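First the structure, in the form of structure tokens, and then the observations on it.
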Amino acid sequence: MMAENIHPIYHRLVQRSERETANGHRGAVVWMTGLSGSGKSTIAAAAERKLFERGVFAQVLDGDNVRTGLNGNLGFSLEDRQENTRRVAEVAKLFVQAGAVVLCSFVSPTRAMRQSVADIVGDDDFLEVFVNTPLEICEQRDVKGLYAKARAGDLKNFTGIDSPYEAPLDPFLDLRTADLTVDEAADRLIEALPL
Ligand code: ADP
């Protein structure tokens, strides 16, 4: 660690409050958690599009754009999952400083993992959205064929099958996708945002 040789210049940079005023809305981290196939990425993408069309600076972070680049050197061990989450949280925090609404779509199965994100970005900027879809429905959808693999024993430690998912106890928003279309879920999310 070379922290003693780092000289912050934050005070010289354009401030978050200035950016938020210019953008016309506040920044925040919308943390979408839920089982694989619950609809996190689909709803995040739909919400990003709707927000963008309303002139909101919105950005999705998900496994596709993070694990391929920044976190391309990480696997799925507990240690690597924690490091993956830490880096995503730090990137999300930078985006919030830029005034963005960051839609983060990650299974993040444990409460401790999600708390670590809240600790990094700060409670005031952390909005936990539970994409609440029963396992049976996620398994029927099986978008990526991963549940079939996990049931066949070809994929170990798969969340919901042989690795636990801890549902949020008090989420900012609970989206029950079994009762909503993607469009409705995205609308609910946008309406709830304190922008
Ligand atoms: P995750 O990111 O949680 O792993 P995905 O968004 O990749 O999940 O996949 C969810 C799948 O479920 C998509 O194919 C989506 O079209 C489908 N789906 C069907 N109904 C809904 C709904 N009401 N909300 C979200 N996704 C839905």
Side-chain angles (χ1 to χ4, degrees), residues 28-53 58-72 74-78 80-82 84-85 87-89 91-92 95 100-111 113-114 116-118 126-152 154-169 171-193:
V29 173
V30 179
W31 191 265
M32 322 267 295
T33 173
L35 294 169
S36 175
S38 58
K40 301 179 296 298
S41 294
T42 306
I43 296 166
E48 182 191 54
R49 170 62 56 188
K50 284 172 185 278
L51 288 167
F52 175 76
E53 285 170 359
Q59 173 67 54
V60 167
L61 294 181
D62 65 11
D64 285 348
N65 63 11
V66 172
R67 275 207 177 262
T68 51
L70 175 67
N71 291 354
L74 300 177
F76 290 89
S77 66
L78 181 60
D80 278 7
R81 280 175 192 264
Q82 281 168 350
N84 182 55
T85 307
R87 290 187 199 171
V88 170
V91 171
F95 268 95
V101 175
V102 201
L103 302 154
C104 301
S105 159
F106 295 91
V107 175
S108 46
T110 69
R111 293 188 189 110
M113 202 177 260
R114 299 189 300 266
S116 73
V117 176
F126 180 78
L127 305 173
E128 186 178 48
V129 175
F130 181 22
V131 183
N132 187 353
T133 308
L135 175 65
E136 299 72 40
I137 295 184
C138 297
E139 206 167 345
Q140 278 163 21
R141 290 179 184 163
D142 208 6
V143 195
K144 299 170 189 162
L146 297 176
Y147 284 98
K149 276 192 189 166
R151 288 289 185 200
D154 295 335
L155 186 56
K156 296 285 175 207
N157 301 319
F158 193 67
T159 304
I161 305 296
D162 57 353
S163 182
Y165 177 78
E166 297 173 1
L169 295 175
F172 166 73
L173 186 66
D174 186 335
L175 287 177
R176 295 172 183 265
T177 74
D179 307 327
L180 298 166
T181 65
V182 172
D183 202 53
E184 286 167 345
D187 282 338
R188 290 264 176 107
L189 171 52
I190 288 171
E191 282 157 23
L193 293 180

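Computed from a prediction, not measured in an experiment: that's the story for all the values here. Ligands are counted one by one from 1 in listed order, and the atoms in each one are counted from 1 as well.
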Original post:
Does R111 have any side chain to side chain donor-acceptor pair (under 3.5 Å) partners at least two apart in sequence or in another chain, and if so, which?
Top reply: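 So R111 forms no side chain to side chain donor-acceptor pair (under 3.5 Å) with any residue.
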
Original post:
In order of chain and number, which residues sit within 4.0 Å of ligand 1 by heavy atom?
Top reply: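 Under the 4.0 Å cut-off, ligand 1 touches L35, S36, G37, S38, G39, K40, S41, T42, I43, R141, V143, T177, L180, T181, V182.
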
Original post:
Got more than 12 heavy atoms from elsewhere within 6.0 Å of NZ, K149?
Top reply: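 Not buried by this count: 12 neighbours or fewer within 6.0 Å.
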
Original post:
In this structure, are over 12 heavy atoms from other groups packed under 6.0 Å from R188 atom CZ?
Top reply: no

**OP:** Sort out for me which residue in V60, V102, L51, L103 forms a side chain to side chain contact (heavy atoms under 4.5 Å, CB included) with V30.
**Re:**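 The option that passes is L103.
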
Original post:
Do we see a donor-acceptor contact under 3.5 Å between the side chains of R141 and T177?
Top reply: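 Yes.
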
**OP:** Give me the ring orientation class for Y165 and F130: parallel if the planes are under 30° apart, tilted from 30 to 60°, perpendicular past 60°.
**Re:** parallel

